[in-house]
Amino acid sequence: MTSIQLSGIYIYPIKSAGGIALSTAQVSDRGLHYDRRWMLVDAKGKFLTQRQFPPMALIQVRLGDNELVVEAPNQPSLSIPLDYESDHRLPVQVWNDICQAMPLDKQISQWFSEFLDIPCQLVYMPEDSIRPINPNYANPSESVSFADGFPFLLISQTSLQDLNQRLEQPVPMNRFRPNLVVSGCEAYAEDSWRQIRIGSIPFRVVKPCSRCIITTVDQSQGTPGKEPLATLANYRLRNGQIFFGQNVIQEQLGTLRVGDEVEINSDCYVRSLRRF
C-alpha cells in the first residue's frame with residue numbers, strides 16, 4: 001500500500017495576498033507560524049480579500065531576515081518588520097468575529113492603498129489578541145489567526161488531479177490556498193478522515209471547506225473567471241454550498257516537514273457523503 005505523505009506546506013502571511021511554499025514549518029497555537037497574522041482592513045476595520053479586490057492576488061510576499069518583504073507590480077519593494085511592537089490596538093472584523101489588532105505605520109498602509117487604489121490599513125494580530133475558533137468545532141482554548149475560520153486547510157493532490165480532468169483548462173493548487181497538501185491517497189479521501197497524524201503532530205479533521213469566488217481568481221493575473229466553481233458545482237455541491245478540501249485543527253505544537261508521513265486513524269473514518 002502506498003504511503004500518504006505531506007507533499008506541500010504553504011503560509012499566507014497577509015490574508016488574501018500571495019502564499020509562500022515552505023519545506024519545514026512550525027505549528028503554533030493558531031496554525032502555521034506567520035500564517036494570516038497580517039490583514040488589510042477598510043476605514044471601518046472590516047477585512048479586505050480577493051472576493052472584492054482580485055488584484056490582491058498580485059501582492060507577493062517572502063520571508064527575509066527579521067522582515068516580511070512585500071512586492072507588487074509597479075510598486076517599490078516594501079519591508080515590514082516581523083518583530084514590530086506597539087501598544088496601540090484597534091478592533092477589526094473578520095466575518096462575524098471582532099478582535100484586536102495592531103495597526104502598522106501609515107507609510108506601510110499607504111503602499112497598499114496606492115497599489116489597490118482604495119483607502120486601507122495593514123494590521124497585525126499580536127499575541128495578546130485571541131480569536132476563538134467556532135465552538136461547534138473546537139475546544140474553548142483553541143484559537144485562530146485572521147484565517148477565514150480554522151488554523152489549517154488540507155487538500156489532497158489527487159483531488160485536484162480529479163478536478164483538473166474535468167476542466168478544459170487545469171488550475172493550480174494555489175487557487176484553493178491550502179496550508180497542507182498530501183499525496184498518495186485516493187481523490188477526496190480526505191472527506192472521510194476524522195483524525196490524522198502528520199509526522200509527530202496529531203490533527204482533527206473537523207469540517208469540509210465551502211469554496212467561494214476566490215477560487216476563480218487567476219493568482220498570476222489577479223483576474224476572476226467562472227472556473228473551477230462551475231465544474232465543482234456539478235459534483236461537489238451540498239445544501240447550496242460547494243466543498244473542496246477539509247478544515248483541520250492541530251492538537252499539539254511542533255514541526256512539519258515536506259515528506260512527513262500522514263497516518264490516518266482507521267477507527268475514525270466516516271462515509272464521504274456524510275462529510276460534505
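This structure is a prediction, so every number in the text was calculated from the model and none was measured. Every heavy atom of this structure was used, including side-chain atoms; hydrogens, water molecules and symmetry mates were not.
For the atom pair CG of D191 and CZ of F243, the computed distance is 10.0 Å after rounding to the nearest 0.5 Å. One distance of note links CG of L68 with OH of Y84; it measures 14.0 Å at 0.5 Å rounding. Between the CG atom of D148 and the CG atom of L153 there is a distance of 9.5 Å, given to the nearest 0.5 Å. Atom-to-atom distance recorded for L180:CG and I198:CD1 is 5.0 Å, nearest 0.5 angstrom. Separating the OG atom in S16 from the CE atom in M56 is a distance of 4.5 Å, to the nearest 0.5 Å. Atom OG1 in T215 sits 7.5 Å away from atom CZ in R175 (nearest 0.5 Å).
At distances below 3.5 Å, at least one donor-acceptor pair connects side-chain atoms of Q252 with backbone N or O atoms of S200. Under the 3.5 Å distance criterion, the side-chain polar atoms of R257 are left unmatched by any main-chain donor or acceptor of D260. T231 places no side-chain N or O within donor-acceptor distance of the main-chain N or O of L167, the cut-off being under 3.5 Å. R131 places a side-chain N or O within 3.5 Å of a backbone atom of S145 that can act as its donor or acceptor partner.
Closest approach of A25 to L32, counting heavy atoms only: CB-CD2, 3.8 Å.
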Test side chain to side chain contact (heavy atoms under 4.5 Å, CB included) applied to L232 and E227, step by step: CA-CA 8 Å; L232 284 170; E227 294 289 8; over 6 Å; no
Test side chain to side chain contact (heavy atoms under 4.5 Å, CB included) on N179 and L154 and set out the steps. CA-CA 6 Å; N179 297 110; L154 179 148; over 6 Å; no
For L22 and L256, what are the C-alpha separation, side-chain angles and deciding distance, and is it a side chain to side chain contact (heavy atoms under 4.5 Å, CB included)? CA-CA 10 Å; L22 301 173; L256 292 175; over 6 Å; no
Please evaluate residues F112 and V70 with respect to the criterion side chain to side chain contact (heavy atoms under 4.5 Å, CB included), reporting the C-alpha separation (whole Å), side-chain torsions for both, the decisive distance (0.1 Å), and the verdict. CA-CA 10 Å; F112 293 94; V70 187; 4.1 Å; yes
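Between the side chains of R51 and T49, at least one donor-acceptor pair of N or O atoms lies under 3.5 Å. Judged purely by distance below 3.5 Å, without hydrogens or angles, the side chains of S210 and Q241 pair a donor atom with an acceptor atom. For the residue pair Y10/D35, the side-chain donor-acceptor check at 3.5 Å is not satisfied. A donor and an acceptor atom, one from each side chain of Y188 and Y235, are located under 3.5 Å apart. No side-chain donor from either of Q250 and E142 sits under 3.5 Å from a side-chain acceptor of the other. If you check the side chains of E190 and S159, you find a donor sitting under 3.5 Å from an acceptor. When only modelled atom types and interatomic distance are considered, S79 and E67 share a side-chain donor-acceptor pair under 3.5 Å. The closest side-chain donor-acceptor pair between S183 and Q5, if any, does not fall under 3.5 angstrom. There is a side-chain donor-acceptor pair under 3.5 Å between D218 and S220.
No chain of hydrophobic side-chain contacts below 4.5 Å, direct or via other Ile, Leu, Val, Met, Phe, Trp or Tyr residues, connects V217 to L48.
Hydrophobic cluster membership of M39, counting Ile, Leu, Val, Met, Phe, Trp and Tyr whose side-chain heavy atoms lie under 4.5 Å apart directly or via other members: V41, F47, L90, V92, V94, W95, V123, M125, F146.
Classification of E251 and R197 as a salt-bridged pair fails, no side-chain N sitting under 4.0 Å from a carboxylate O.
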